[in-house]
Each structure stands twice: as C-alpha cells, then as structure tokens.
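Convention: sequence-line order gives letters A, B, ...; per-chain numbering from 1. Everything numeric in this text was worked out from a predicted model, so none of it was measured.
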Protein chains: 2
Amino acid sequence: MKNNIKELRNAIKLTQGDLAERIEVSRQTINAIEKGKFDPSLPTAFRLAAVFNCTIEELFIYES
Amino acid sequence: MKNNIKELRNAIKLTQGDLAERIEVSRQTINAIEKGKFDPSLPTAFRLAAVFNCTIEELFIYES
DNA sequence: TTATATTGTAAAGTTTGCTTTACATTCTAA
DNA sequence: TTAGAATGTAAAGCAAACTTTACAATATAA
C-alpha cells in the first residue's frame with residue numbers, strides 16, 4: 001500500500017521524529033511506513049490522518 | 001475501536017462466513033472484529049469498507 | 001421439535017506491526 | 001568544508017492480527 005505521508009509531512013515541515021512523537025510511535029516506524037516496508041495498524045492510520053487533517057482514504061492508496 | 005460491521009452486514013443479508021469469503025479472511029476473523037476482540041489491519045479495513053460501500057471512517061469509530 | 005445454519009469461542013501456530021539499540025548515510029547550515 | 005540534523009537500515013524481541021482445527025451454543029426453518 002502506497003501513501004502520501006512524506007509529501008504531507010514535508011508540507012507542514014515536520015521531521016520523521018516530530019511526526020513519530022505526535023502519534024506516539026517510534027521514528028523507525030514512520031520511516032518504515034513512508035518507505036512502504038509495512039502498512040500501519042488501523043489505529044496508527046487514524047492518528048496519521050488526524051495529523052494531516054485528512055481521511056485515511058486520502059492518505060493511503062489501496063491496491064487489491 | 002468500535003465498528004458498525006454487524007449492522008451493515010445484516011442490512012445486506014450476509015453471514016459472517018459470506019463476508020469472510022468476500023474479503024478473503026477467516027470467518028473467525030470477522031467474528032473477532034465484530035466482537036471487538038481486535039482491530040483489523042489497514043488492508044482488511046479497506047476491503048470491509050469496499051463491501052459496504054462506505055469509508056473506513058464511517059465503518060470504524062476511533063477513540064484516542 | 002428437530003435438523004441445519006449461524007454464531008461464539010478456544011488453542012496453537014504463523015506473520016506482521018512495532019520497539020529498542022545501534023550505526024551508516026545523506027542533507028543542510030554555519 | 002565540516003558539524004550536526006535528518007534519514008536509512010539492520011537485528012533481536014514482543015505484541016497483535018490472522019490462520020486452522022475443532023467444538024459448543026444459539027438461531028431459524030421445516
């Protein structure tokens with residue numbers, strides 16, 4: 001699953017570390033999600049969408 | 001995290017087994033999600049929303 | 001009432017999301 | 001150009017999502 005986190009994060013000038021702190025995950029988790037190494041859990045996806053003030057559907061691109 | 005799966009599933013007259021087949025998870029997984037035993041993965045949440053023709057935000061109620 | 005469908009639940013095992021620690025690489029500003 | 005900030009990545013370990021098998025409980029229909 002792809003996502004727009006890196007772009008949106010840069011748009012509001014947050015580092016991976018900042019974002020990690022905000023949603024209470026590790027910096028490595030943010031890095032891994034941005035790089036597509038794994039998908040976030042549903043709660044983590046909700047918190048990410050909240051930071052960027054968008055929907056989960058806007059943030060993640062699901063491909064069956 | 002709570003959800004409206006059971007209601008929406010009954011509304012379109014699907015059994016837990018039917019729904020499980022449709023999104024390619026086990027029946028026990030559907031049961032566990034409906035009963036709130038655990039949250040689905042993000043891909044599973046996307047597939048569920050697709051079945052009910054709604055958004056993830058409409059299907060799941062996130063409480064911080 | 002009885003058969004059958006549906007739902008609930010349990011145990012054991014696999015995979016994946018996430019952590020911590022640690023270090024290497026790439027930016028960016030002085 | 002060099003220091004420090006930001007990012008990338010790896011390994012070991014834990015917890016949660018999900019599987020299969022199996023059986024018990026509850027609906028529903030004949």
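- The residue A:Thr15 sits close only to the backbone: its heavy atoms come under 4.0 Å of sugar-phosphate atoms, none of a base.
- Remark: the backbone N or O of B:Lys6 is paired with a side-chain donor or acceptor of B:Asn10 at under 3.5 angstrom.
- Computed from coordinates, the A:Arg27 CZ to C:dT26 C1' distance equals 13 Å when rounded to whole Å.
- The main-chain N or O of A:Ile33 is found under 3.5 Å from a side-chain atom of A:Asn3 such that the two form a donor-acceptor pair.
- Around CD of A:Glu24, the count of heavy atoms belonging to other residues, nucleotides or ligands within 6.0 Å does not exceed 12.
- The distance from atom CD of A:Glu24 to atom P of D:dA15 is 18 Å, rounded to the nearest whole Å.
- Within 4.0 Å (heavy atoms only), A:Thr29 reaches at least one base atom of the nucleic acid.
- The separation between B:Phe38 atom CZ and C:dG17 atom C1' is 14 Å, rounded to whole Å.
- To the nearest angstrom, C1' of C:dC18 lies 13 Å from CG of A:Leu48.
- Here C:dT9 presents its C1' atom at 16 Å from CD1 of B:Ile33, a figure rounded to the nearest Å.
- The side chain of A:Thr44 places no N or O atom within less than 4.0 Å of a non-bridging phosphate oxygen (OP1 or OP2) of C:dG17.
- Toward the 5′ end of DNA chain C lies the nearest nucleotide of B:Ala32, the other residue of the pair B:Ala32 and A:Ser41 mapping further downstream.
- Between the P atom of C:dG17 and the NZ atom of A:Lys35 lies a distance of 18 Å, rounded to the nearest Å.
- Using a 4.0 Å cut-off between charged nitrogen and carboxylate oxygen, A:Glu34 and A:Arg9 count as a salt-bridge pair.
- C:dG17 atom P lies 16 Å from atom CD of A:Glu34, rounded to whole Å.
- Toward the 5' end of DNA chain D, the nearer of the two residues B:Leu42 and B:Gln28, judged by each one's closest nucleotide, is B:Leu42.
- As rounded to whole Å, 12 Å separates atom C1' of C:dA5 from atom CD of B:Gln16.
- Looking only at distances, no side-chain donor or acceptor of B:Glu63 sits under 3.5 Å from a matching main-chain atom of B:Met1.
- Between A:Ile30 and B:Asn31, the residue whose closest nucleotide on DNA chain C is further toward the 5' end is B:Asn31.
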